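Written out below as structure tokens is the structure these notes cover.
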Amino acid sequence: MSDRRVRVRFAPSPTGPLHMGGVRTALYNYLFAKKLGGDFLLRIEDTDQTRFVPGAEQYIVDALAWCGISPDEGIGVNGQIADHGPHAPYRQSDRKPLYRAFADQLLAAGHAYYAFDTPEELEAVRERSKSAGNPNWQYNSITRTSMKNSLTLPEDEVARRLDAGDAYVIRVKMPRNEEVKFEDRIRGWVSVNTLNLDDKVLLKGDGMPTYHLANVVDDHLMEITHVIRGEEWLPSAPLHVLLYRFFGWEQPEFAHLPLLLRPDGNGKLSKRDGDRLGFPVFPLNWANAETGETASGYRERGFYPEGFVNMLAFLGWNPGTNQEIFSLDELIEAFSIDKVHKAGARFDFEKAKWFNQQHLRQRSPEVLAAEYQAGVAAAFGAAVDTDFAAKALTLFLDRSEFISDAVHAAPYLFAKPAEYDSVMVGKKWTSESAGHLRSLVPLWAASNYSEPALEEAFKAFLTETGLGFGAVGPVVRLAVAGTTQGPSIFGVMELLGRSECEARIEKAIATLG
RNA sequence: GGCCCGUUCGUCUAGCGGUUCAGGACAUCUCCCUUUCACGGAGAAGAUCACGGGUUCAAAUCCCGUACGGGUCACCA
């Protein structure tokens, strides 16, 4: 497989929104392919018709598009829900007719067999086994001899049942005692004895393949060279290796990614963690049609795709240098599957925010100004011009992790303070405060109301009166902004303009005395 | 429980037999800057490299065992 064109795939099941772990798997696949000049495909594995969730497929496509992880082939090319490429269709439910022949091939070669046991019978056997002290009964090389299948039933009865249309599944016939080995790109040699593997169902009663069959068949047909997926697939990898062998196909290279762990306690990060832990687990908002609840997404939380992707890339991978801030293109350049960590990575939202902050600062002033304008319009229904936005950003960007921080840090830029910080009023507002402000108003009015001029006039006033900055500065802040925190109050005053500032000062004096 | 995988500062990690009594980042703390809050700068603290045995002149790095953690055991993916 060394000189084959690199082709990888991300193959999610549309049973709900894609969570961040899934996005990271897609990202690593994408980075790997692009780094090597190969193809990245998106295939939809919807063989379980009972778990179909409306909108999930659209969500997956939208989420990847937002992240900039664009498929070259399959579903979702150019963000469209449509098949695109020489191996169409790329949705397994649409490929249903094609799997049967492969199951038959295994049947003919003696690597698979028909099994007529009903789900109820299997359930009963498991129950019996459990009460006998064996908690997990398996359909395997030993137990299959006492089940109803084409290995135990007389040939004519099997033919009769098949003719009669009896329900059946096709199971893999697991070899009795064989060591299955494969070299995982991340974990090295992994070895399992078939004694511990069971006769997995390959083709279900409804004619649909299970993941195992569909995955192996499609990866082969679609000429996938590297299977990069989550560690939860490691236990079934030996089965897949065996299937490639049974079919006589070249086996792709495997790379099983470490899991994303919950920041608290134990276990892997799951969809059900939702917002319970105080951060989104999904790339985009997801409105659950059944519960009516909306799970929050990174996009809506204010993250830039660049920050989100950068953060995800570093959960389990590291370039080996001290550089941490990367664009998608830089990630492609730096990525190496061999540098992926083996152990699970515990997610830390604080660091995630830091990544976004770094990307926030890398954006151009023009783009930021436009985003700020949009944010202000959405939050306060106020329209501000580009100059205002640019000036506001020089004041507020430093203290922001998200552009929304800059927007929400100063509602007082868009409305007079509704109230004044009572603690600071108590500390700083004295019987003399109103007088100081009244003295300042004409001094400022005589200036051009620019930040430096306002500050200069203020300082001159202090010098003249012998007052300290701490005695009057906070008072000005309270009057103009209602709070004593924030950037230079003179910058804020410049933004607000003279008449607004004077009105606010009057209002404060009227309110606070 | 069986099988498989993993284990370096609180967290993400660098490290691939000697140049490391372990480097960076987030978080924490201190100081400077700023008469606010942040940003920024400087610094501190924080890991006997899970533990125990080996191998070797030399081990975080190789091997074995133990412990702990995780994953997986469906006609789900």
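Since the structure is predicted, the reported quantities are computational estimates derived from the model, not experimental observations. Order of the sequence lines sets the chain letters (A, B, ...), proteins ahead of strands, with each chain counted from 1.
Atom name C1', nucleotides B/G52 and B/U13: the rounded distance is 27 Å, in whole Å. The same atom, P, is picked in B/G71 and in B/G15; the two are 26 Å apart, to the nearest Å. For the P atoms, the distance linking B/A59 with B/A50 amounts to 15 Å, nearest Å. B/U11 and B/C57: their P atoms are spaced 37 Å apart (whole Å). With both ends at atom P, the span from B/A14 to B/G24 equals 15 Å, rounded to whole Å. Of the C1' atoms belonging to B/A47 and B/C3, the separation is 32 Å, rounded to the nearest Å. Comparing the same atom, C1', in B/C63 and in B/U56 gives a spacing of 12 Å after rounding to whole Å.
One atom, CG of A/D198, and another, C1' of B/C73, lie 7 Å apart when rounded to the nearest Å. In this structure, A/R477 atom CZ and B/U34 atom P are separated by 15 Å, rounded to whole Å.
Counting atom types as modelled, A/R51 pairs a side-chain N or O with a base atom of B/C76 as donor and acceptor under 3.5 Å. Judged by distance alone with a 3.5 Å cut-off, a donor-acceptor contact links the side chain of A/N136 to the base of B/G1.
Backbone-only contact: A/S191 has heavy atoms under 4.0 Å from sugar-phosphate atoms and none from a base.
Within the 4.0 Å cut-off from OP1 or OP2 of B/G69, not a single side-chain nitrogen or oxygen of A/R346 is found. A sub-4.0 Å separation between OP1 or OP2 of B/G6 and a side-chain N or O of A/H341 is absent. Between A/K339 and B/C16 there is no side-chain N or O to OP1 or OP2 distance below 4.0 Å. Look at A/T47 and you'll find a side-chain N or O under 4.0 angstrom from OP1 or OP2 of B/A77. Put simply, A/K204 has a side-chain N or O that comes within less than 4.0 Å of OP1 or OP2 on B/C76.
Using a 4.0 Å cut-off between a side-chain N of Lys or Arg and a carboxylate O of Asp or Glu, A/E45 and A/R95 do not qualify as a salt bridge.
Candidate nucleotides B/G40, B/C12, B/C5 were compared by shortest atom distance to the side chain of A/A345, and B/C12 ranks first. Taking every side-chain heavy atom of A/N196 into account, B/G2 is the closest of B/C5, B/G2, B/A77.
Taking the ring centre of A/F116 as origin, the terminal cationic atom of A/R161 falls inside the region bounded by 6.0 Å and 45° from the ring axis. Cation-pi geometry between A/R185 and A/F254 is not met: the NZ or CZ atom fails to fall both under 6.0 Å from the ring centre and inside 45° of the normal. Cation-pi contact between A/R363 and A/Y304: present, with separation from the ring centre below 6.0 Å and deviation from the ring axis of at most 45°. A cation-pi contact, defined as under 6.0 Å to the ring centre and within 45° of the axis, is absent between A/R100 and A/F102.
Pairing of B/C9, defined by two Watson-Crick or G-U wobble distances under 3.5 Å, is not identified with any nucleotide. Across all strands shown, B/U72 forms a Watson-Crick or G-U wobble pair with B/G2, both key distances being under 3.5 Å. Pairing of B/U34, defined by two Watson-Crick or G-U wobble distances under 3.5 Å, is not identified with any nucleotide. Across all strands shown, B/G52 pairs with B/C64; the Watson-Crick or G-U wobble distances both stay below 3.5 Å. Checking B/U19 for Watson-Crick or G-U wobble geometry (two distances, each under 3.5 Å) identifies no partner in any strand. Base pairing annotation: B/A45 forms no Watson-Crick or G-U wobble pair, as no partner gives both donor-acceptor distances under 3.5 Å. Pair check for B/A59 finds none; no Watson-Crick or G-U wobble contact set falls under 3.5 Å.
Taking 4.5 Å as the limit, every side-chain heavy atom of A/M424 sits out of range of all side-chain heavy atoms of A/W429.
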